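Contents: one structure, followed by commentary.
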Number of protein chains: 2
Amino acid sequence: MKNVTIKDVARQADVSPSTVSRVISNSPRISPETSKRVRDTMKELGYHPNAIARSLVMQKTNTIGLVLARRTDTAFANPFFTEIIQGIAVVAQQSHFNLMLSAAQDYHQEREEVLKMFQNRMVDGVILMASRVNDELIKKLQQTNSPFVLIGRSLEIDNIPIVNNNNIKAAYQMTDFLIGKGYRKIAAISGPADYVVSQDRMKGYQQALQEHGIPFKEELIRYCDFSYEGGYEAALAILKDNEIDAFFAFDDMMAFGTLRAAEKLGFAVPDQLAVAGFNDDPIVAYFRPALTTVKIPILKMGEAAARMLIRIIKEEDYSGEEVIIPTEIIPRESV
Amino acid sequence: MKNVTIKDVARQADVSPSTVSRVISNSPRISPETSKRVRDTMKELGYHPNAIARSLVMQKTNTIGLVLARRTDTAFANPFFTEIIQGIAVVAQQSHFNLMLSAAQDYHQEREEVLKMFQNRMVDGVILMASRVNDELIKKLQQTNSPFVLIGRSLEIDNIPIVNNNNIKAAYQMTDFLIGKGYRKIAAISGPADYVVSQDRMKGYQQALQEHGIPFKEELIRYCDFSYEGGYEAALAILKDNEIDAFFAFDDMMAFGTLRAAEKLGFAVPDQLAVAGFNDDPIVAYFRPALTTVKIPILKMGEAAARMLIRIIKEEDYSGEEVIIPTEIIPRESV
DNA sequence: TTGTACGCGTTATCAG
DNA sequence: CTGATAACGCGTACAA
């Protein structure tokens, strides 16, 4: 049951290991006969190249890393992440890259995991989904020339490989859409304040209000987790002390929570209260009332990120760019 | 920017490479002074062991593989899989194992992917989530002595490492529960017929009917994808030609589809028609009417599988076992 | 307690 | 067109 190596093939085919190696890599300077003979013995012996040994000498692992920088439970509960992973997995597959997954419990651990992946030479590059501001991890990766691509981070840092949607614009448009529908007292339920997505969406929300001459009220906004429970509690809190006619939740799961909170307090949606979300998770359309939301082509973002990373790894003189994926408002029943 | 190796450390600390190696592996026979000196220089030089090189010599990758054997879109759309992944990821992390993810588009490609992982020596073992009957992949893995653990496969093959829930029993209990509630004309919506889970749940369903003296009717069962759309269409088809008082869908997403189909045709749930699901996906509780379902501790199954696989890999004389995770009926509004 | 020499499976360089 | 030989970075008998 011993593993058959390049040497075994060489011996059997009566050539040197180098020749076998050349056959494997389709080297042009090799006679058709030997090539065939070697290929035959490879089949015969059931030979498969050892990727580890190859990695060692090539200094390339053909592996990309992905670390989820949230408590894994919240990360996986949100369909957003699984869809991103899906996009990445498919592209990796097509490009003959392996995908290494790692889950970090918090922000600090994410840093450790990412650095470890590089330090142990397990990956050729990573895709980062963490979205906090002010990340020294980024600097570190830049300093050490470690290939990486960001997903969903701010645009404020320049010249950095990133796949994003324009959160400011999207939030602006949704808010504008709500105002156009006649809503004036629009409350906002945001994700954690230190996430760039939260900040950007908040900006767009405020911009739209301002342009329509609607005063921004601090008491109409709440920050919470990107979760059903977070949205639920936040909505209850806002409804308790304020009279409003619409909710704009910066995430679909939060929007669901909002929906149920409104329902619980006896508000009819959308007649007495409108609710809008963000993401267009696949599950959204199945709920009642169906959620009006901002569609983000999440899958495409994952794919784009993977493609960019692989290109950065492969091409010496390409170091990534900024890709903005366009969003779209999906009107449904909840508004 | 060159990578610092064991040799660099050795030279700097004025010892031999083997000594450094011993320090790394905490070899007992080494003087405290040299140990300290070596450790210091490791820090000083920013040394990190190269996992690839280590893998090559140790013939261990410390990596477990996971391949999703569905069209990736359907795989990821179903929360079941993401939760399994989560459980696996957490345990892998704790055990200092890497997790390699791979997505296969179909049954045949799954086989290729799994074998490739082993042939290229990328993994020490794999976790399989494919659930079709009669799998030669399994045999192949057994023959080649490749560590693996199954999740959710049949119990019919003996002596095989597997984490499962007792689908027959669970389906029996849910059907029995429905009958106890007074329902008699219970239709079943199953996943694909060649999946073992489907078959097992169907068995339990039939057993319960039989024990209560209720005749089993072929026209009251339908097979479809594990998806919302599948359940929706199946329910419509059944309702079109039959008069029934309850649906038992063998998956929550299908149950949702069923729910909406009933709604569409004007049936009030649960007053005119009961609907029961399977899995207890986290999202279930948020729907209206909230779904009565069979709770499977999915996360625990992932964890158990990962733990078992790692133990198989590490312990020479342990080759896995059969772990049955208990299920539980969660009564909610839909029944 | 430490150092030397060899091997893990491949690729690359340099001769021939 | 092909074959030695030397790396890649590390672990480990065997010696000292």
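Computed from a predicted structure; not experimentally measured. All chains are named by letter (A, B, ...) in the order of the sequence lines, taking the proteins before the strands, and each is independently numbered beginning at 1.
- One interatomic measurement links the two molecules: NZ of B/K60 to C1' of D/dG9, which rounds to 20 Å at whole-angstrom precision.
- No donor-acceptor pair closer than 3.5 Å links the side chain of A/T63 to the backbone N or O of A/L99.
- Under the 3.5 Å distance criterion, with hydrogens and angles disregarded, no donor-acceptor pair is assigned to the side chains of A/S21 and A/S18.
- Regarding A/D14, its CG atom lies at a distance of 12 Å from the C1' atom of D/dG3, rounded to whole Å.
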*asked:* Does the protein touch nucleotides 9-16 of chain C at the base, only the backbone, or not at all? Give it as B, S and - per nucleotide, heavy atoms under 4.0 Å.
replied: BBSBBB--
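- With hydrogens and angles disregarded, a donor-acceptor distance shorter than 3.5 Å links the side chain of A/Q93 to the backbone of B/A103.
- Near DNA chain D, meaning a heavy atom under 4.0 Å from it, residues 30-38 of chain B has no residue at all.
- Proximity of a side-chain donor or acceptor of A/R37 to a complementary backbone N or O of A/A13 within less than 3.5 Å is detected.
- Using a distance-only test at 3.5 Å, with no hydrogens or angles considered, no donor-acceptor pair links the side chain of A/D124 to the main chain of A/I64.
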*Run the side-chain hydrogen bond (donor to acceptor under 3.5 Å, both in side chains) check on A/S102 and A/E113 step by step: do they pass?*
CA-CA 7 Å; A/S102 174; A/E113 286 297 320; 2.9 Å; yes
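- Looking only at side-chain heavy atoms (C-beta outward), B/N62 and B/R54 stay at 4.5 Å or farther from each other.
- Comparing the start and finish of the helix from C/dT1-D/dA16 to C/dG16-D/dC1, five pairs each, the helix axis swings through 40°, to the nearest 10 degrees.
- Atom CG in A/N26 sits roughly 16 Å away from atom C1' in D/dC1 (whole-Å rounding).
- Using a cutoff of 4.0 Å between basic side-chain nitrogens and carboxylate oxygens, B/K43 and B/D40 are not scored as salt-bridged.
- Of the charged side-chain nitrogens involved, none lies within less than 4.0 Å of a carboxylate oxygen, so that B/K116 and B/E112 do not count as a salt-bridged pair.
- Taking 4.5 Å as the limit, every side-chain heavy atom of B/F97 sits out of range of all side-chain heavy atoms of B/V91.
- A close approach under 4.0 Å does occur between a side-chain nitrogen or oxygen of B/T19 and OP1 or OP2 of C/dG3.
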